[in-house]
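Written out below as structure tokens is the structure these notes cover.
The structure presented is a predicted model; accordingly, all values stated were derived computationally and were not measured. For reference, positions follow the sequence shown, starting with 1.
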Amino acid sequence: MQTKTYGMKEGFLIGGALILTGLLLQLSIGSVDWDAFHWPVNGIVWAAFLALIAVFYLLRNKAHCLLFISTYKAAIPALVYVVALTIVMGLIRQDEQGTWLHHMLSFWPFVLVYVYSSLILGLVILRQLTTWAATKFSIRHFPISLLSHLGLFLAMTAGTLSTADIQRVKMITVKDSPEWRALTADQHIVEMPFTIKLKQFHMETYESGKPKRFASDIHILTQSGQHIDATIDVNKPIEVDGWKIYQYGYDTQMGAISQTSILELISDPWLPLVYAGIYMLLGGAVCFMLLSIPWTGAWRQSKKHPKGALAITLLIGSAFFCVHHFMPILHSDTLVPALQSPWFRPHIIAYMLAYTLMASATIMAIYKLFTHSTTLTSIDIIVYVGLSLITIGMLFGALWAKEAWGHYWSWDPKETWAAITWFAYLVFIHYRQIPSHKPKMALWILIISFALLQMCWWGIKFLPSAQETSAHVYSA
């Protein structure tokens, strides 16, 4: 094995080279054509990527660069580039008109940086798997981070490669008229493998006239002759022959007496694999949070330093009060139908607790910068728990979005800034793992991450990129 040591400087150079390569590809062959990745092409690409990761891992002791890209010093620059490019995406309105930066998902530098991050993630997973195998797969020595890393890898790669296989159509149904035709996004008519007849459209409103609930009673006849009677409600889709059917809209001019209901039908064959990744990442976040809390040590330290414990308690309590106060949606009794979901309160509460902890950690970071303190253990614990809650809230939101709108992640502006915040805090956590890290730099990373969190929390309302495009700006 080569003896040369690579550091974060080389990591940033690799990321810069990837961006330059991406720009050259953008100029020479144009944007990434995700529509070309239909099955079996996406399956072949995924298998080839997994094989490449395995080959790189097997050759890691023969080429130092391959060993390097599975280290923190490679992961941190990659995460920084991910954050930077995703910020560009979050600031610029993403639509079909405009420059390269208006189409970040097909922009080669953006794609290559995310692929490189997935490569690093894959190598880390193999390293953790082999380390665990050395203990004969002992449950006691199971690396919790492996669950999170593997879940993230599955969700990212399978979710990306599945894009071309997802079918999304809208069907306009009229009362008592059987319908088997639907419209694609480009207004092409397709025939569905079943017939839907609208029996009755239901609508309830608040005193203000805003919709409280709308749903459709339908009858479905499948090609096999099966008869299904069901009610399609917002947040309550049904599945028939591999298709999920959602309540999408209605004749807004007719309102409660509408004789028309618009249904959205979605087929996503990769969904089980993506869901496996989401639930693994969710399980990893819960375990990481429970293991990060010093259950016995915290009590011992609080008795040893009562004033410090009281200060931290008051700080977290004050932050919790502020976050709770500035989230009036929690107290609203006129929620739109999309918000009337079992996922709503767990999603919001997880984020509310996370914001509270991150606010407390940031105040402590500012204090330590002024006092030149280099002891960051208490901040680490708060950030670990806070990031776990952000992960839980984000995944609850993904599961909720799938039930409400038919997609678990659509790079909606709010989702984009949630990803930015999440990756930014990952930069802090990974940077703290480097033995030669600088405490002052770590504190600044934490403060910057909290500033990005503000954009995700309330700043999104003022961004032009989110107006009339974000499903999270409910007032629109």
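Shown here are the salt bridge (charged side-chain N to carboxylate O under 4.0 Å, His left out) partners of D233, two or more places apart in sequence or in another chain: R213. Residues passing the ring-ring contact (aromatic ring centres under 6.0 Å, His included) test with F12 are Y81, sequence neighbours excluded. Scored by the salt bridge (charged side-chain N to carboxylate O under 4.0 Å, His left out) test, K244 finds E403 as partners (sequence neighbours excluded). Taking the salt bridge (charged side-chain N to carboxylate O under 4.0 Å, His left out) definition, one finds that K170 meets it with E264, sequence neighbours left out. The ring-ring contact (aromatic ring centres under 6.0 Å, His included) search around W132 returns F137, F142, not counting sequence neighbours. Residues passing the salt bridge (charged side-chain N to carboxylate O under 4.0 Å, His left out) test with D35, sequence neighbours excluded: none. The ring-ring contact (aromatic ring centres under 6.0 Å, His included) search around W409 returns W411, not counting sequence neighbours. For T163, the side-chain hydrogen bond (donor to acceptor under 3.5 Å, both in side chains) test picks out no residue, with sequence neighbours left out. Remark: F68 engages Y6 in a ring-ring contact (aromatic ring centres under 6.0 Å, His included) (not counting sequence neighbours).
Under the 4.5 Å side-chain criterion, counting only non-hydrogen atoms from C-beta, W417 is not in contact with L453. Under the 4.5 Å side-chain criterion, counting only non-hydrogen atoms from C-beta, V32 is not in contact with F107. Within the 4.5 Å cutoff, the side chain of L161 has no heavy atoms near those of the V41 side chain. The side-chain heavy atoms of D412 and T416, taken from C-beta on, include no pair separated by under 4.5 Å. Put simply, the side chain of V274 reaches to within 4.5 Å of the side chain of I278, judged on heavy atoms. Residues D165 and D268 form no side-chain contact, since every pair of their non-hydrogen atoms from C-beta on lies 4.5 Å or further apart. Using a 4.5 Å cut-off on side-chain heavy atoms (C-beta onward), K210 and T205 make no contact. Contact check for L389 versus M358: no side-chain heavy atoms found under the 4.5 Å cut-off.
No side-chain donor-acceptor contact under 3.5 Å links S410 to the backbone of H407. Between the N235 side chain and the P337 main chain, a donor and an acceptor come within less than 3.5 Å of each other. Checked by atom type and distance alone, the side chain of H430 never pairs as donor or acceptor with a backbone atom of Y72 at under 3.5 Å. Side chain of R127 to main chain of V124: no donor-acceptor pair is present (N/O by atom type, distance under 3.5 Å, no hydrogens or angles). Side chain of Y431 to main chain of L426: no donor-acceptor pair is present (N/O by atom type, distance under 3.5 Å, no hydrogens or angles). For Q247 (side chain) and G249 (main-chain N/O), a donor-acceptor pair under 3.5 Å exists by modelled atom type.
For W457 and Y355, the distance between ring centers is under 6.0 angstrom. A distance below 6.0 Å separates the ring centres of W34 and F37.
Among all heavy-atom pairs drawn from I266 and K402, the shortest one is CG2-NZ, 4.3 Å. Between A285 and S148, the shortest heavy-atom distance links the atoms N-OG, 3.9 Å. When all heavy atoms of L85 and M104 are compared, the pair lying nearest together is O-CE, 3.3 Å. Contact detail for I382 and A361: the closest heavy-atom pair is CG2-CB, 3.8 Å. P272 and P269 make their closest contact through CD-O, 3.6 Å (heavy atoms, listed as atom of the first residue, atom of the second, distance). Taking both residues in full, the closest heavy atoms of W108 and S31 are given as NE1-C, 3.9 Å, listed atom of the first, atom of the second, then distance.
Counting only residues at least two apart or on different chains, the salt bridge (Lys or Arg N to Asp or Glu O under 4.0 Å) pairs with a member in residues 356-380 are D380-R432. The ring pair (Phe, Tyr, Trp, His ring centres under 6.0 Å) pairs that include a residue from residues 356-391 are F288-Y384, where partners are two or more places apart or lie in different chains. Among pairs with a residue in residues 148-169, none fulfils ring pair (Phe, Tyr, Trp, His ring centres under 6.0 Å), at least two apart in sequence or across chains.
In this structure, the separation between CH2 on W400 and CH2 on W405 is 6.0 Å, given to the nearest 0.5 Å. Rounding to the nearest 0.5 angstrom, the gap separating the CG atom in L281 from the CD1 atom in I392 is 9.5 Å.
For the side chain to side chain donor-acceptor pair (under 3.5 Å) with Y114, the lone residue among T157, T86, T160 that qualifies is T86.
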### Message
For a side-chain contact (heavy atoms from CB on, under 4.5 Å) check, start with the C-alpha distance between I447 and F450, then their side-chain angles and the critical distance, and finish with the verdict.
### Response
CA-CA 5 Å; I447 293 170; F450 188 70; 5.8 Å; no
### Task
Could you walk me through whether Y351 and H347 pass the ring-ring contact (aromatic ring centres under 6.0 Å, His included) test, one step at a time?
CA-CA 6 Å; Y351 264 118; H347 168 71; 5.2 Å; yes
#### Entry: Candidate pair I76 and I434, rule side-chain contact (heavy atoms from CB on, under 4.5 Å), full reasoning
CA-CA 10 Å; I76 292 168; I434 299 177; 3.2 Å; yes
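No side-chain donor-acceptor contact under 3.5 Å links H103 and S106.
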